[in-house]
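Numbered from 1 within each chain, the chains take letters A, B, ... in sequence-line order.
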Amino acid sequence: MRREAMRHRLTEEFFARHSTVVAPDLIGKLLVVGECSGRITEVEAYSGADDAASHAYRGRSSRNDVMFGPAGHIYVYFTYGMHFCANVVTDTVGVANAVLLRAIEPIDGIEQMVNRRGRSDNLTNGPGKLCQALGLDRSDNGASLLSGEIGIYDDSWPDRSAGRAIVVSPRIGITRAVDFPWRWQLAAERNERNERRRPGGSRTP
DNA sequence: CAATCGATGATCT
DNA sequence: GATCATCGATTGG
């Protein structure tokens, strides 16, 4: 059975909902960028109008312009003078909703990810890291997820996310609207060392 | 293990 | 001039 046969690319309808609805739905989906792919394991929702932490909170600008556009496109921004972060634009035109991709589990193209990252561990467990591993940068800002080489897929096999819980918590790395519980992540697998620091997490089987 | 800090440049005040 | 949806090295317990 060919793997491609099990994949179904997400359409505009999937993305055309509020970011807080799309975000948990993205957990477990397959992010594909060229020959690389990975399963989405951590996301955060941002909602321009009501969310002081959103880049779009204070209105439209050249930087956040893509977020005001149609759903199903990618908003890539440059931050801290050296990192890129990637978001999925959701909701409708004029409403600046987006979902920040914070972590994936690498599946395909791992060798290329290792080359781009310059190391073989912690390839994609952070928003800046996954962009570097996948080669996403400002040239990808505004690209469509609905066709072309960047896309998100439903992938029923082999799905290592099946049966794992989804954990909800406040967003991290922000200083405003810090209490919004708008971060969703896949619970870690046993022995998985791919997640961020969590309390009491040193076990030796 | 956790907490702190420097890098580095675009964007906003 | 300050801030920043971060990362990785370093420092300290």
Asker: So T175(A), base contact, sugar-phosphate only, or nothing? Heavy-atom distance under 4.0 Å.
Answerer: sugar-phosphate
Asker: Nearest to the side chain of P127(A), which nucleotide is it out of dG8(C), dT6(C), dT8(B)?
Answerer: dT6(C)
Asker: Across the strands shown, which category fits I174(A) at heavy-atom distances under 4.0 angstrom: base, sugar-phosphate, nothing?
Answerer: sugar-phosphate
Asker: When the distance from CZ of R63(A) to C1' of dT3(C) is rounded to whole Å, what number comes out?
Answerer: 10 Å
Asker: Return the orientation label for the F84(A) and F78(A) ring planes: parallel under 30°, perpendicular over 60°, tilted otherwise.
Answerer: tilted
Asker: Measure OH/Y46(A) against P/dA5(C) and give the value in whole Å, please.
Answerer: 7 Å
Asker: With both distances under 3.5 Å as the test, what is the Watson-Crick or G-U wobble partner of dA2(C)?
Answerer: dT11(B)
Asker: Between dA5(C) atom P and I172(A) atom CD1, what is the distance in whole Å?
Answerer: 12 Å
Asker: Please classify the nucleic acid contact of R58(A) as base, sugar-phosphate, or nothing, using heavy-atom distances under 4.0 Å.
Answerer: sugar-phosphate
Asker: dG9(B) P sits how many Å from R138(A) CZ, rounded?
Answerer: 10 Å
Asker: Can you tell me if the side-chain N/O atoms of T79(A) get under 4.0 Å from OP1 or OP2 in dA10(B)?
Answerer: no
Asker: Can you measure F78(A) atom CZ to dA7(B) atom C1' for me and round it to whole angstrom units?
Answerer: 11 Å
Asker: Between R176(A) and dT3(C), is there a side-chain N or O to OP1/OP2 distance below 4.0 Å?
Answerer: no
Asker: Rounded to whole angstrom units, what separation is found between the OH atom of Y80(A) and the P atom of dC4(C)?
Answerer: 7 Å
Asker: Take atom NE2 of H55(A) and atom C1' of dT3(C), then tell me their distance rounded to the nearest Å.
Answerer: 11 Å
Asker: The test is side chain to side chain donor-acceptor pair (under 3.5 Å); show your working for R7(A) and Y153(A) and say whether it passes.
Answerer: CA-CA 6 Å; R7(A) 291 184 179 179; Y153(A) 294 74; over 6 Å; no
Asker: What is the distance, to the nearest angstrom, from the CZ atom on F84(A) to the P atom on dT8(B)?
Answerer: 15 Å
Asker: Do we see a donor-acceptor contact under 3.5 Å between the side chains of Q132(A) and R116(A)?
Answerer: no
Asker: Would you indicate, yes or no, if dC7(C) has its OP1 or OP2 atom less than 4.0 angstrom from a side-chain nitrogen or oxygen of R119(A)?
Answerer: no
Asker: Taking the side chain from D140(A) and the backbone from D137(A), do they hold a donor-acceptor pair closer than 3.5 Å?
Answerer: yes
Asker: Let me check something: do V168(A) and V43(A) share a hydrophobic cluster, defined by ILVMFWY side-chain heavy atoms less than 4.5 Å apart, either directly or through other members?
Answerer: yes
Asker: If you compare every side-chain N and O of H83(A) against the phosphate oxygens of dC7(C) (OP1, OP2), does one of them come in below 4.0 Å?
Answerer: no
